[in-house]
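Read through the structure below, which is laid out as structure tokens, and then see the notes.
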Amino acid sequence: FTLIELLVVIAVLGVLAAGVFVAIDPLDKINAANDSKVQNDMGQIGQAMEAYAVSNSGVYAATLAILVTSGDLKTTPTAPTGYTAYAIGSGGASQTAGGQLKSKKYVNAVPSTPAWVWCSASGKAGPTATTATCP
């Protein structure tokens with residue numbers, strides 16, 4: 001092989017490697033994994049809220065600390081690094097809990113859904129435009 005042939009092969013391999021890197025989009029994969037953590041945490045918070053409400057005549061806890069103190073939640077879930085802190089409603093007769101989403105699956109959706117929210121009114125969790133609205 002000549003030096004020119006080797007340089008051409010190295011350049012072609014470099015272009016292919018760059019194309020594969022762009023196709024994989026590692027940042028979006030990390031965001032998707034963090035979004036899964038947010039969804040899992042909202043599910044745990046929702047179950048703990050329901051358990052607390054059953055034990056307290058239908059009244060929902062106002063903070064996550066109350067759920068930890070009551071034993072309905074083992075530890076306070078925290079949002080992944082770089083995400084906004086979880087938003088919790090004021091409690092009482094109904095409750096919501098939500099967390100930010102960042103993967104392209106949700107951010108680039110039409111309409112954009114940058115939050116995953118659990119709502120006591122429906123007993124379900126899902127993507128919404130803000131942490132203040134129920135799915």
Side-chain angles (χ1 to χ4, degrees):
F1 291 109
T2 65
L3 181 59
I4 292 175
E5 289 173 327
L6 286 174
L7 290 175
V8 168
V9 168
I10 290 171
V12 168
L13 289 176
V15 169
L16 288 173
V20 167
F21 188 75
V22 168
I24 292 175
D25 194 2
L27 181 60
D28 189 50
K29 298 294 182 194
I30 292 169
N31 286 339
N34 286 334
D35 287 356
S36 293
K37 179 189 181 326
V38 169
Q39 293 169 356
N40 185 42
D41 288 348
M42 289 305 110
Q44 289 178 347
I45 290 170
Q47 288 178 348
M49 288 283 186
E50 290 294 339
Y52 182 88
V54 167
S55 301
N56 292 281
S57 305
V59 176
Y60 289 90
T63 66
L64 295 178
I66 294 171
L67 296 175
V68 173
T69 303
S70 69
D72 293 310
L73 199 58
K74 289 189 182 217
T75 59
T76 303
T78 56
T81 304
Y83 281 55
T84 57
Y86 294 145
I88 305 299
S90 58
S94 65
Q95 183 60 290
T96 60
Q100 178 184 17
L101 299 174
K102 286 189 175 183
S103 71
K104 289 180 181 176
K105 176 180 179 182
Y106 298 107
V107 174
N108 292 341
V110 178
S112 178
T113 55
W116 190 263
V117 177
W118 171 82
C119 186
S120 66
S122 65
K124 296 180 181 178
T128 63
T130 68
T131 57
T133 57
C134 286

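Side chains are part of it too, since the values below use all heavy atoms of this structure and drop only hydrogens, waters and symmetry mates. These numbers were taken from a predicted model, which means no experiment stands behind them.
Rounded to the nearest 0.5 angstrom, Tyr106 OH and Gln100 CD are separated by 13.5 Å. Taken from OG1 in Thr113 to CG in Leu101, the straight-line distance is 6.5 Å, to the nearest 0.5 Å. Here the NZ-CG distance, from Lys102 to Asp28, works out to 12.0 Å after rounding to the nearest 0.5 Å. The CD1 atom of Ile45 lies 10.0 Å from the CG atom of Asn40; values are rounded to the nearest 0.5 Å.
Taking Ser70 as the reference, Asp72 meet the side chain to side chain donor-acceptor pair (under 3.5 Å) condition, with sequence neighbours excluded. Remark: Asp41 pairs with Lys37 by the salt bridge (Lys or Arg N to Asp or Glu O under 4.0 Å) rule, at least two apart or across chains. Residues meeting the salt bridge (Lys or Arg N to Asp or Glu O under 4.0 Å) test with Asp25, sequence neighbours left out: Lys104. The side-chain contact (heavy atoms from CB on, under 4.5 Å) test applied to Ala79 returns Tyr83, Tyr86, not counting sequence neighbours. Every residue meeting the side-chain contact (heavy atoms from CB on, under 4.5 Å) condition with Val68, not counting sequence neighbours, appears here in chain and number order: Leu73, Thr76. Scored by the side-chain contact (heavy atoms from CB on, under 4.5 Å) test, Ile4 finds Thr2, Val8 as partners (sequence neighbours excluded). A search for side chain to side chain donor-acceptor pair (under 3.5 Å) contacts involving Tyr52 returns nothing, not counting sequence neighbours. Remark: Ser120 pairs with no residue by the side chain to side chain donor-acceptor pair (under 3.5 Å) rule, at least two apart or across chains. For Gln44, the side chain to side chain donor-acceptor pair (under 3.5 Å) test picks out no residue, with sequence neighbours left out.
Side-chain contact between Glu50 and Tyr60: present, with at least one pair of heavy atoms (C-beta onward) separated by less than 4.5 Å. Between Phe21 and Pro26 the shortest side-chain heavy-atom distance falls below 4.5 Å.
Using modelled atom types, no side-chain atom of Asn34 and backbone atom of Pro80 make a donor-acceptor pair closer than 3.5 Å.
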TODO: Report the C-alpha separation of Met49 and Ile88 in whole Å, then their side-chain angles, then the decisive distance to 0.1 Å, and conclude whether the side-chain contact (heavy atoms from CB on, under 4.5 Å) test is met.
DONE: CA-CA 11 Å; Met49 288 283 186; Ile88 305 299; 3.9 Å; yes

- [ ] Any chance you could lay out the side-chain contact (heavy atoms from CB on, under 4.5 Å) test for Met42 and Val117, step after step, and finish with the verdict?
- [x] CA-CA 7 Å; Met42 289 305 110; Val117 177; over 6 Å; no

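Ser103 pairs in a side chain to side chain contact (heavy atoms under 4.5 Å, CB included) with only one of the listed residues (Ile30, Asn31, Asn108), which is Asn31.
Sorted by first then second residue, the side chain to side chain donor-acceptor pair (under 3.5 Å) pairs that include residues 87-98, not counting sequence neighbours, number zero.
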Under 3.5 Å, which donor-acceptor pairs do the side chains of residues 121-128 form with other protein atoms, sequence neighbours left out?
| residue | atom | partner | partner atom | Å |
| --- | --- | --- | --- | --- |
| Ser122 | OG | Lys124 | N | 3.2 |
| Thr128 | OG1 | Thr130 | O | 2.6 |

